[in-house]
There are 2 protein chains.
Amino acid sequence: MYKEKEDLHAVQKDYYKDNRKMYVATDCIIFGFDSGNLKLLLFQRRVAPLSGEWSLIGSFVNLDEDVSAAAERVLEETTGLKNVFMEELKVYGAANRDPGYRCISVGQYALIRLNEYDKELVKEHGAAWYDVNDLPPLVLDHGQMVKDALAKLKQKARFQPLGFELLPEKFTIPQLQSVYEAIFQKELDTRNFRKKVFSHNVLVKLDEKDKTSSKRGAFLYKFDHKRYKRLIEKGNDFEVF
Amino acid sequence: MYKEKEDLHAVQKDYYKDNRKMYVATDCIIFGFDSGNLKLLLFQRRVAPLSGEWSLIGSFVNLDEDVSAAAERVLEETTGLKNVFMEELKVYGAANRDPGYRCISVGQYALIRLNEYDKELVKEHGAAWYDVNDLPPLVLDHGQMVKDALAKLKQKARFQPLGFELLPEKFTIPQLQSVYEAIFQKELDTRNFRKKVFSHNVLVKLDEKDKTSSKRGAFLYKFDHKRYKRLIEKGNDFEVF
DNA sequence: AAAATTAATGTATAATTTACATTTATTATC
DNA sequence: GATAATAAATGTAAATTATACATTAATTTT
C-alpha cells in the first residue's frame, strides 16, 4: 500500500532500516463536566504489564489512518460519540517516554456532554470518570498530558466558546457559569458573567425552565452556532469570557 | 535498543507488523524579519524526485531522538543556530499526505534573528529566504504548514513577547513596531504602540542610537527577560500588544 | 541657514471592566 | 394560605483601558 522504495526523501533513505520501527499512538484527554467539576475519562488496564494502572485512552495510529481519525476512533469505541469537539494538544515525542516501544503519542483533547455518552461501552472498556482535581497516578507521561490539556483548555476557553461543549444542548446560565468557573479555576461574578455572555448575542432563551437545582427554576438556553459563526466571520475576535 | 517484543501495549501488539513502517518527520517553519517583512527559510531540493522544488526544511526523526531534538538538529544544521525560539505547531498526520512513505510530520516553527545565522551554511544547503507574502509553491502540505504557522504566530504574539525573537538583541521602537505590523498584518499607531510597549516595563533603554534609518537616529533598547519572567510569575496575563 | 526626514511625545473621548446588593419566582413548611 | 427558604435574575457607578489624533525634536544634507 505504501511504497517504501519510492525515493521522495532520497537523501534520508537509510532511516528506519534494520526492522526497527517508530510507533505513532494517540492518547485522548476526554473531558466532561458534572456537578461543578471537570471530569476525565480514564481507563484501567486489564492486561499485564501495568495491569490495573490508570491510563488515558489511546491507540496506535493505523498505517492507513489519519492521526485525527485514530483519535476519533478511540473516542467512538469507548464512548459511542462522534462529531464532538476534539483538537490536537501536543506531540509527546521524547525518545524514552515509553519503555516498550519507540513510540510518540499525539495527545488530543475532547470535550463531551456527560448526558450523551454510552455508559455501557464505557463500562465494557473498564473506563471511569475521575474528577480532574482528584486523579489517580497515570502511566507514562499521561499525567503531564492532563496538566497540559487543562492549561490549554483554560487558555483557549477565553476566546473560543468551549464551555458549551461540556453542557447539554439546553443549559442554564448558572450551569454555564459553573463550567467556566471550573475551567478558569476561579469564581466569577454573576452579574458580570451574564452581561458578557449575553453581549455577544449567541444564546437563545427557551421557554423552559430547569428546576433541578432551585425552587424558582432557571431558564434554559441554547448556543446558536450559526450566529456565532457569523460573528467570527465578520472578523470579531472577542473574548467569550 | 528498543525492545519491541516487550508487551507494554499487549492489547495492540499486532500493529505495524509485516515490515510496514510508520515514518515520523519534522518540518521547520523558520521565520525571520527584515525590512518590514516576515521571511521564511526555504530549501530547494537537489535530488530527484521533485528536484528543484521548494520545501520547508525537515528531517526524519531518528529512532533514538526526541522529536523536538530533531527539529533543533535541522535548525542547527541549516542555520548554525541553537537555543532560539522554537515551538510545536501541529501534527500533519493525514494518511495520504506523502505519496512516498506513510509519514507524519510534526510542524515546528522557529523565530530567528537574521543578523545571527550562518550564511555559508544556508548557502551550502541550497536554502534561501523568501518573503512570506511572495512564496513559491511548496511541496506536499508545506504551504498549509506555513499558513497555519502564520496564523499561530499572529495569535500567540498577542500574549507572548515573540516579536523580540525576530530582532537583534538591540533594537529600536520603530523596528519593533514594524515587526508587530508584519505579524498582525495591520498598521499600528505609534503613540499607542509606545504607550503599551513601555507600560510593561520590560524594555531597557540604551545610550546608543541606531542611525541606519533616519538622520535623527532612534534609541536602541533591549528586552529584559528577567523582568518579563517576574511579571508572568506574578500571574500577570497581559496582552503584549 | 534652510530643508528634509524620521523619532518622540500627550491628551481628551469612548469603550470596557470591575465591584457590589437587592428583588423575584417558586416550593416547602407550618 | 401565610411564611420561610432558596437559588435566579437584575443595574449602576467608578475605575481602567483603548482609541483617535497632530506637533515638536534631533539630526543630516544641501
Side-chain angles (χ1 to χ4, degrees), chain A residues 34-36 157-159 163 167-168 170-182 184-222 231 234-241, chain B residues 34-36 157-159 163 167-168 170-182 184-222 231 234-241:
Chain A
D34 186 34
S35 40
R158 238 177 102 184
F159 296 99
L167 290 175
K170 297 176 182 181
F171 53 85
T172 68
I173 305 299
Q175 281 168 356
L176 189 64
Q177 181 174 339
S178 171
V179 169
Y180 278 96
E181 288 178 333
F184 295 143
Q185 303 242 69
K186 70 170 177 189
E187 299 203 340
L188 302 171
D189 177 88
T190 320
R191 283 161 292 184
N192 294 338
F193 181 80
R194 280 169 190 266
K195 234 185 292 172
K196 197 138 201 189
V197 140
F198 292 136
S199 72
H200 304 120
N201 208 22
V202 290
L203 295 190
V204 181
K205 188 175 188 173
L206 306 178
D207 255 347
E208 307 167 61
K209 279 188 168 183
D210 172 318
K211 298 213 169 176
T212 56
S213 63
S214 85
K215 289 159 185 171
R216 179 176 175 177
F219 278 104
L220 288 163
Y221 289 81
K222 275 188 161 180
L231 266 189
K234 275 194 226 151
N236 241 325
D237 176 27
F238 56 84
E239 272 188 294
V240 183
F241 298 104
Chain B
D34 187 34
S35 38
R158 237 178 103 184
F159 296 100
L167 289 174
K170 297 175 182 184
F171 53 85
T172 68
I173 306 298
Q175 280 168 357
L176 189 63
Q177 180 174 342
S178 172
V179 169
Y180 279 95
E181 288 177 334
F184 296 142
Q185 304 243 69
K186 68 169 176 191
E187 299 203 340
L188 303 171
D189 177 87
T190 320
R191 285 162 289 184
N192 295 339
F193 180 80
R194 282 170 187 264
K195 234 182 295 173
K196 197 138 201 190
V197 140
F198 292 135
S199 71
H200 303 118
N201 208 24
V202 291
L203 295 189
V204 180
K205 188 175 187 173
L206 305 178
D207 256 348
E208 308 166 62
K209 279 188 166 183
D210 173 318
K211 298 212 169 175
T212 55
S213 64
S214 84
K215 290 161 184 172
R216 179 177 175 176
F219 278 103
L220 287 163
Y221 290 80
K222 273 188 165 181
L231 265 189
K234 277 195 226 152
N236 240 326
D237 175 28
F238 55 85
E239 271 189 292
V240 183
F241 299 104

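Heavy-atom basis, side chains included; hydrogens, waters and symmetry copies ignored. Model, not experiment: these values are computed from the prediction. Every chain is numbered from 1 and lettered A, B, ... according to where its sequence line falls, protein lines coming before strand lines.
Distance from the side chain of B:Arg194 is smallest to C:dA8 among C:dA8, C:dA4, C:dT6. You'll find that the side chain of A:Pro174 is closest to D:dA9, out of D:dT27, D:dA9, D:dT19. Of the candidates C:dT27, C:dT17, C:dA19, C:dT17 carries the atom nearest the A:Glu239 side chain, counting heavy atoms from C-beta on. Closest to the side chain of B:Ser214, out of C:dT26, C:dA7, D:dT10, is C:dA7. For A:Arg191, the listed nucleotide lying nearest its side chain is C:dA21; candidates were C:dT18, C:dA21, C:dT9.
Taking atom CG on B:Asn192 and atom C1' on D:dC21, their separation rounds to 9 Å, with Å as the unit. If you measure from atom CZ of A:Phe238 to atom C1' of D:dA18, you get 19 Å, rounded to the nearest angstrom. What separates CG of A:Asp189 from C1' of C:dA19 is a distance of 7 Å, to the nearest Å. The distance from atom CZ of B:Phe198 to atom C1' of C:dG10 is 14 Å, rounded to the nearest whole Å. One atom, CZ of A:Phe171, and another, P of D:dA8, lie 15 Å apart when rounded to the nearest Å. Protein atom CZ of B:Phe219 is 13 Å distant from nucleotide atom P of C:dA7, rounded to whole Å. One atom, NZ of B:Lys186, and another, C1' of D:dT19, lie 11 Å apart when rounded to the nearest Å. Going from atom CG of A:Asp210 over to atom C1' of D:dA9 covers 15 Å, rounded to whole Å.
Taking the side chain as every heavy atom from C-beta outward, A:Phe159 and B:Arg158 approach each other to under 4.5 Å. Using a 4.5 Å cut-off on side-chain heavy atoms (C-beta onward), B:Arg194 and B:Thr190 make contact.
Side chain of B:Asn236 to main chain of B:Phe238: no donor-acceptor pair is present (N/O by atom type, distance under 3.5 Å, no hydrogens or angles). The main-chain N or O of B:Ile173 is never found under 3.5 Å from a side-chain atom of B:Tyr221 such that the two would form a donor-acceptor pair. Side-chain N or O atoms of B:Lys209 include none that pairs as donor or acceptor with a backbone N or O of B:Thr172 at under 3.5 Å.
Looking at A:Arg216, its side chain comes within 3.5 Å of the base of D:dA8 through a donor and an acceptor atom. Side-chain atoms of B:Lys195 and base atoms of C:dT9 include no donor and acceptor less than 3.5 Å apart.
Note on A:Lys215: every side-chain N or O is 4.0 Å or more away from OP1 and OP2 of D:dA4.
For B:Ala218 and A:Lys211, each mapped to the nucleotide of DNA chain C holding its nearest heavy atom, the one lying further toward the 5' end belongs to B:Ala218. Heavy-atom nearest nucleotides on DNA chain C were determined for A:Lys196 and for A:Gly217, and the one closer to the 5' end corresponds to A:Lys196.
In this structure, A:Thr172 reaches neither bases nor backbone, as no heavy-atom distance under 4.0 Å exists between it and the strands shown. When heavy atoms are screened at a 4.0 angstrom cut-off, A:Gln177 is found touching no nucleic acid atom at all.
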